Amino acid sequence: MAILDGGAGSTAPQAKAGSGGWREGIVVLAMVLAPVALAVLLTAAGALAYASWKIVYRDVVEIPTWRDLQPFGMLAYVVSSWIAVAAAWRWSRRRGLHHEVFLFRRLTWPASAASLAGFLIALYGAPAATHWLSHVTGGAGPGGRIDFHSPYMTAIYLVLFVVTAPLCEEILYRGLLVAWLRRIGWRDSTIWLVGSLIFGANHIIPFSLVWSAVITAFGAILFGLRLRYGSLTPAWLTHVLFNAQPFLILPLISRIATALHPGSIS
């Protein structure tokens, strides 16, 4: 794929190719994958603390449902994501990768157009792919519907999916991971493939196998934008628009052009 091997804004540090070792590679991968793992641990610790508090006060301890744990898990992911970004900031500054990891640049018209095109592909492609994969495999989509009638859950969704996830995931995946793999000499085409697979695989735990496959394809769009335009901003814009669908695009489509509604991804 020509757009992945060079192009405007390519910042691969060829002079430093091959530097670093497998221990640093493990550290990088740990920072990239940390938010999900930390969120699971924080949610489990919170549930255990709550159960312990109930036992101490001799109250009835009930096994929490997914709906009970959902807000705690979402908030735990927010905290974990910013912890991982802070770690990436500190680590990258010590190794001279800071500017490549936090590579946000002003959007150009071509990059803006590519971001919008990527969003439209994901907007209509994700529901279609989810339905097809669910039919073929018998699996389910992301599930865990958000109650947007609740101001509390709506606020959590905004903080997690519209503010935190697009920014932090772009820094960790398209910033830290790309900068590291380029430094050790990987070609952009290989980074695009491996990065997309890692991005999708890390969504299995919080969602499902079907949605993980869909997110792999979405990750391919985001990595393509990052590698083509040499900036995190185009991928960040596509990511924000995709995650903000319930507030921006879908209500607008439902009002003015119902026939263009992409459908549900659950």
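The structure displayed is predicted, hence computed values, not measured ones.
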With Asp188 as partner, the option from Arg226, Arg228, Arg182 fulfilling salt bridge (Lys or Arg N to Asp or Glu O under 4.0 Å) is Arg182

Can you tell which of Leu222, Thr108, Leu225, Ile221 makes a side-chain contact (heavy atoms from CB on, under 4.5 Å) with Pro234?
Leu225

Hydrogens and angles aside, do Thr130 and Trp211 bring a side-chain donor and acceptor to less than 3.5 Å of each other?
no

If you count the non-hydrogen atoms of other residues, nucleotides and ligands that lie under 6.0 Å from CZ in Phe72, is the total more than 12?
no

Does any N or O in the side chain of Thr233 come within less than 3.5 Å of the main-chain N or O of Phe104, such that one atom is a donor and the other an acceptor?
no

How about Trp132: does its CH2 atom have over 12 heavy atoms from other parts shown lying under 6.0 Å from it?
no

Would you say Trp236's side chain and Pro166's backbone share a donor-acceptor pair under 3.5 angstrom?
no

With heavy-atom distances below 4.5 Å as the criterion, would you say the side chains of Leu177 and Phe199 are in contact?
no

So, do Val159 and Ile156 sit near enough that their side-chain heavy atoms are less than 4.5 Å apart?
no

State plainly whether the residues Glu24 and Arg95 are in salt-bridge range, i.e. N to O under 4.0 Å.
yes

So if you build clusters from Ile, Leu, Val, Met, Phe, Trp, Tyr with side-chain heavy-atom gaps below 4.5 Å, do Leu197 and Phe218 land together?
yes

Any donor-acceptor N/O pair, Thr238 side chain to Ser115 backbone, under 3.5 Å:
yes

Side chain to side chain, Pro246 and Phe161, heavy atoms closer than 4.5 Å
no

Applied to residues 156-170, the salt bridge (Lys or Arg N to Asp or Glu O under 4.0 Å) test, sequence neighbours excluded, yields Glu170-Arg174

Please confirm whether the backbone N or O of Val101 pairs with a side-chain atom of Ser92, one donor and one acceptor, at under 3.5 Å?
no

List the residues meeting ring-ring contact (aromatic ring centres under 6.0 Å, His included) with His98, not counting sequence neighbours, and say none if there are none.
Trp89, Phe102

Heavy-atom distance under 4.5 Å between the side chains of Trp180 and Trp186, does that happen here?
no

